[in-house]
Structure formats: C-alpha cells, structure tokens
Amino acid sequence: MKPSINAVLVSLLLLIDVVSVCHGGGGGRGGGLSPVFYDKSCPQIDRIVRNITWSKVAENSTMAPKLLRMHYHDCFVRGCDASLLLDSTSGNPAEKEAIQNSNIRGYEVIDEIKTRLEEECPGIVSCADIVALVARDAVSYQVLTGRKDGKVSLSSEASINLPSAGANFTTLYQQFIGLGLNIIDLVALSGAHTIGVAHCAVFQRRLNVTGKGDIDPTLDPEYAEFVRTQCINPAVAVALDANSSASFDSHYFAGLRQNKGLLRSDAALLTDRRSAHIVRRFEKFPVFMTYFGNSMKKMGSIGLITREEDGGEIRKNCRVVNAN
Ligand code: HEM
Ligand SMILES: *[C@@H]1O[C@H](CO)[C@@H](O)[C@H](O)[C@H]1NC(C)=O
Ligand SMILES: *[C@@H]1O[C@H](CO)[C@@H](O)[C@H](O)[C@H]1NC(C)=O
Ligand SMILES: *[C@@H]1O[C@H](CO)[C@@H](O)[C@H](O)[C@H]1NC(C)=O
Ligand SMILES: *[C@@H]1O[C@H](CO)[C@@H](O)[C@H](O)[C@H]1NC(C)=O
Ligand SMILES: *[C@@H]1O[C@H](CO)[C@@H](O)[C@H](O)[C@H]1NC(C)=O
C-alpha cells in the first residue's frame, strides 16, 4: 500500500525535527542553554536535585505528574523563568492565583532543593533551572540549563496563555505555534497526560453536554459511564490514562485512539488528520519517548532569559524577586 500524502508529510516533519536537534537548535529564541552549564560552578547539582526529587516521589508517587506539570505551566507564561513560583505582592496577583494554576503542587519541593543548593553553591542556580531539572527527574529525559529567573508574574497572563481543557484543535494549535512549538510538539507534550489526574470539574461538561445528561459524542460511551461513576463530585480526581496513570508509557495514545481521552483537548488531537496520524505513531513507546524528550527541550527554552541585561537574575528565594 502506498503511504498517503499526509503520512509522508508528517514523516518528513518528524525527520526535520530530529535533524534540528542534532545541530543543537533547541527552538529557543535566545539559545544559550547547555548540558554542562553548572559543571564547574555547581557540580553537585544533578545529584542534589535528583536525590530530593526521587525521595519526594518515593514518598508519594502523585508528586511526579505534579512536578512535570509545573514546568509546563511555568514555560507557557513569560517563558521558563520561574515566574510561576513568585508569590503575589500587594496589588499584584501572581500567576499562582490564576484558576489554571489552582491545582499546581510541589512549590515546597522546589524550596527545599533551592535551600540545599544555596548551601552548596550560593547564588549560582536559578529557580527556573531547578523547575526544569525536577521535571526531568520526575520522568527522565535530558535537560539543558542556564536559565535566569524573571522578575514579573501576572495572574492575568496565566489565564490567557495556558490552554484550557475545553480547547479545540484550532485553539490548541494556535497557542502552541504562538510559542514556537509545532504540531508534533503539541501531540508529544499532550502525551504527558499518560500520568496524573484531572479533577471532574475540568471535564464534567463532556458528561453532560446540553444539561440533559448526554455525553460528548466523541467520547467512548462505556468509558464515559465509567468516568461518571467516579465523578461523584467536582473535586474528585480521575486518572488521565485510566489503565496506567502511574507509569510513563504510551497508553495515553492507545486510549486516545479508542476515544478514551479524558479532556476535550486530548480528544481534539484526533480531529486533525495530521495530529491524528502522529497519535498513531506515538503508540510505539520508543518513538513517543524520543519525541517527548525533544519537545520538552523545545518547551524548556521558550522565552529564554540567559543574561542579566535582559532582565534575568538568580533568585535567592524562589518565591520573591531579589531586593536591590
Ligand atoms: C495541550 C494543552 C493542555 C491542556 C489543555 C492541559 C490541561 C490539563 C488539565 C485541565 C489537567 C487537570 C488538572 C487538574 O484537574 O488538577 C491537566 C493535568 C496534567 N497535565 Fe496537562 N494540559 C495540556 C498540556 C500539558 C503539557 C504540555 C504537559 C507537560 C508537558 C502537561 C502535563 C500534565 C500533567 C502531568 C497532568 C497531571 C497533573 C496531576 O496529576 O496533578 N499537560 N492538564
Ligand atoms: C539524599 O537525601 C537523603 C534524604 O533526604 C539524605 O539522607 C542523603 O544524604 C542525600 N544524599 C546525597 C548524596 O545528597
Ligand atoms: C499523596 O498526595 C496526594 C495529593 O497529591 C494526597 O491526596 C494523598 O493522600 C497522598 N498520599 C499519601 C500516601 O500520603
Ligand atoms: C475553536 O474554538 C474557538 C474558541 O472557542 C472558536 O472561536 C472556534 O470557532 C472553534 N473552532 C472550531 C473549528 O470549532
Ligand atoms: C446535567 O446538567 C443539568 C443542568 O446543569 C443537571 O440538572 C443534571 O442533573 C445533570 N445531569 C447529570 C446526569 O449530571
Ligand atoms: C485499557 O486496556 C484495555 C485492554 O487493553 C483496553 O481495551 C481499554 O480500552 C483500555 N482503556 C483505556 C482507557 O485506555
């Protein structure tokens, strides 16, 4: 059988992506991230971050998805500059306060790592890099470092820039393109939903579309019934990947193809022929993992600040801008 034009096109796109990574193009506007950034200035960094992250995840495995999601929510708003970690100041509700960030957890893990790193190598490691490294250790892929921390955090920006669970393909695509990401990144990064949970409040519309108890026709009816039995109230959290929400695998894509993607934004990936094709490719775990690592690298260099002249700093406390 001859491959369809679309299949060829997507394969080509996939190939181009791999090549650009080989040439060190991280997709970041400023470039400047490095795999060895702290090798001389803080050689213990990887050991410290991994040790604390793994011990937190070992204590409670629900931390892993939360820490991965934190990096995403930081990067999509003002770039990966730890603006998500800043506490609100008087008259300025910070990103944390945005409804999209209400279920972000793990700030105290970052604080603990920051405190350890300030003892070990004071003033060296940015909070933005800590967030990126923690996400890596929660899941395992390669990460580059060298980010500076930003000084601004606005709840209103988080509301605009973070895609909503009800978004359709067009909206998701535009939001990703707007940040320099492409359709492969959209599908690969959505694969993060192979771990963790979503609260019934964010998807319950799909179980009652018109208010007559009717389910979203794009949702598998049996799966919808199963989810409905779990959603006895909006605060209940349901696995995003019903079969294996604790393991980072490619079941998310297999479930998605059977119309068992929990969020509308997940199901939306099937409504575009190109992204639907990528979903099929990513059912193979090694393929997914390769692209996921690459897309995380691109996401991790959104809106980079690598120089103080550009408004970056190394925060002393991840929750507040340095005084000076
Ligand atoms: C494509 C657009 C995306 C949308 C609309 C979206 C939306 C959501 C929503 C609504 C939840 C449930 C939150 C809750 O109820 O507590 C969630 C959970 C999650 N998201 Fe996404 N997300 C998107 C992309 C991503 C990306 C790019 C990543 C990371 C690379 C990610 C990682 C996660 C993880 C790990 C969870 C589980 C969190 C937990 O267990 O507490 N998501 N997402
Ligand atoms: C790792 O963490 C544990 C407990 O938090 C601590 O006892 C141990 O000394 C740490 N090891 C390293 C190498 O930092
Ligand atoms: C793990 O953390 C979750 C919140 O993320 C909490 O609901 C749960 O009770 C914790 N489990 C344990 C065993 O501490
Ligand atoms: C997608 O959602 C946007 C925003 O809600 C809406 O304006 C647009 O018409 C929708 N597109 C499609 C194809 O449904
Ligand atoms: C659906 O929504 C309507 C209106 O909000 C509500 O009265 C009804 O109980 C809901 N049905 C189910 C099955 O959730
Ligand atoms: C879980 O696995 C079973 C057996 O492979 C499959 O039939 C089912 O569709 C899966 N469910 C989800 C939500 O992925």
Side-chain angles (χ1 to χ4, degrees), residues 53-70 73 100-110 112 134 138 159-178 183 186 190-200 202-203 205-207 209 215-231 233-276 279-280 282-285 288:
T53 306
W54 284 2
S55 79
K56 297 294 169 187
V57 171
E59 259 169 44
N60 190 334
S61 63
T62 70
M63 270 329 278
K66 300 197 187 309
L67 294 170
L68 174 58
R69 188 169 185 235
M70 179 186 276
H73 278 222
Q100 285 88 338
N101 287 327
S102 59
N103 287 310
I104 295 291
R105 297 287 181 276
Y107 297 115
E108 72 293 341
V109 176
I110 308 296
E112 187 175 329
V134 164
S159 308
I160 294 169
N161 292 328
L162 289 165
S164 100
N168 59 30
F169 178 82
T170 316
T171 303
L172 291 171
Y173 181 74
Q174 280 165 357
Q175 283 184 292
F176 275 65
I177 293 289
I183 192 168
L186 169 59
S190 295
H193 291 169
T194 193
I195 52 171
V197 294
H199 292 82
C200 295
V202 305
F203 59 79
R205 275 289 302 277
R206 300 191 79 201
L207 303 176
V209 180
I215 64 158
D216 181 335
T218 65
L219 198 56
D220 176 87
E222 242 174 72
Y223 173 68
E225 228 18 82
F226 163 73
V227 171
R228 187 181 273 164
T229 58
Q230 294 186 62
C231 284
N233 77 60
V236 172
V238 173
L240 281 156
D241 168 5
N243 277 345
S244 60
S245 73
S247 84
F248 201 89
D249 50 31
S250 58
H251 292 166
Y252 166 81
F253 296 104
L256 192 54
R257 278 239 287 156
Q258 300 168 22
N259 300 318
K260 295 171 183 171
L262 187 55
L263 308 181
R264 184 160 180 248
S265 63
D266 296 318
L269 301 178
L270 297 179
T271 65
D272 175 86
R273 282 177 60 202
R274 294 162 303 162
S275 60
V279 166
R280 279 200 296 283
F282 287 175
E283 276 182 52
K284 287 204 176 66
F285 180 66
F288 164 52

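Atoms within each ligand, like the ligands themselves, are counted from 1 in listed order. In this text, all values refer to a predicted model and were calculated from it rather than measured experimentally.
Ligand 6 has no nitrogen or oxygen under 3.5 angstrom from a nitrogen or oxygen of His251. Checked by distance only, ligand 6 and Asp241 stay at 3.5 Å or farther apart across all their nitrogen or oxygen atoms. Geometrically, ligand 3 and Asn60 share a nitrogen or oxygen pair separated by less than 3.5 Å. Any N or O atom pair closer than 3.5 Å counts here, and Glu59 shares no such pair with ligand 3.
In this structure, the protein non-hydrogen atom closest to atom 5 (O) of ligand 3 is Thr62 OG1, 3.1 Å.
Checking atom 11 (N) of ligand 6 against the protein gives a heavy-atom contact under 4.0 Å. For atom 14 (O) of ligand 3, a protein heavy-atom neighbour is present inside the 4.0 Å cut-off. Atom 7 (O) of ligand 3 is never approached by the protein to below 4.0 angstrom, counting heavy atoms only.
To the nearest 0.5 angstrom, Ile110 atom CD1 is 11.0 Å from Lys56 atom NZ.
Near Gly255, meaning under 4.0 Å from any of its heavy atoms, are these atoms of ligand 6: 14 (O). Near Asn243, meaning under 4.0 Å from one of its heavy atoms, ligand 6 places the atoms 1 (C), 2 (O), 3 (C), 8 (C), 10 (C), 11 (N), 12 (C), 14 (O). Each of the atoms 8 (C), 9 (O), 11 (N), 12 (C), 13 (C) of ligand 6 lies under 4.0 Å from some heavy atom of Lys260. In the vicinity of Ala242, heavy-atom distances shorter than 4.0 Å reach the ligand 6 atoms 13 (C). Remark: ligand 3 atoms within the under-4.0 Å shell around heavy atoms of Lys66 are 5 (O). Residue Asn168 has at least one heavy-atom neighbour below 4.0 Å for each of these atoms of ligand 4: 1 (C), 2 (O), 3 (C), 8 (C), 10 (C), 11 (N), 12 (C), 14 (O). The contact set between ligand 4 and Thr171, taken as ligand atoms under 4.0 Å from a residue heavy atom, comprises 1 (C), 2 (O), 3 (C), 4 (C).
Val197 places none of its side-chain heavy atoms less than 4.5 Å from the side chain of Pro65. Side-chain contact between Met63 and Val109 is present, with heavy atoms from C-beta onward closer than 4.5 Å. Side-chain contact between Arg274 and Tyr173 is present, with at least one heavy-atom pair separated by less than 4.5 Å. Leu270 places a side-chain heavy atom less than 4.5 Å from the side chain of Val279.
For the residue pair Thr218 and Arg206, a side-chain donor N or O sits within less than 3.5 Å of a side-chain acceptor on the partner.
No more than 12 heavy-atom neighbours from other residues, nucleotides or ligands sit within 6.0 angstrom of CD on Glu222.
For Thr194 (side chain) and Asp249 (main-chain N/O), a donor-acceptor pair under 3.5 Å exists by modelled atom type.
Under 4.0 Å from ligand 3, not a single heavy atom of Met63 appears.
Taking every heavy atom of both residues into account, Ala167 and Ala268 meet most closely at O-CB, 4.0 Å.
The six-membered or imidazole ring of Phe288 lies near that of Phe248, with a centre-to-centre distance under 6.0 Å.
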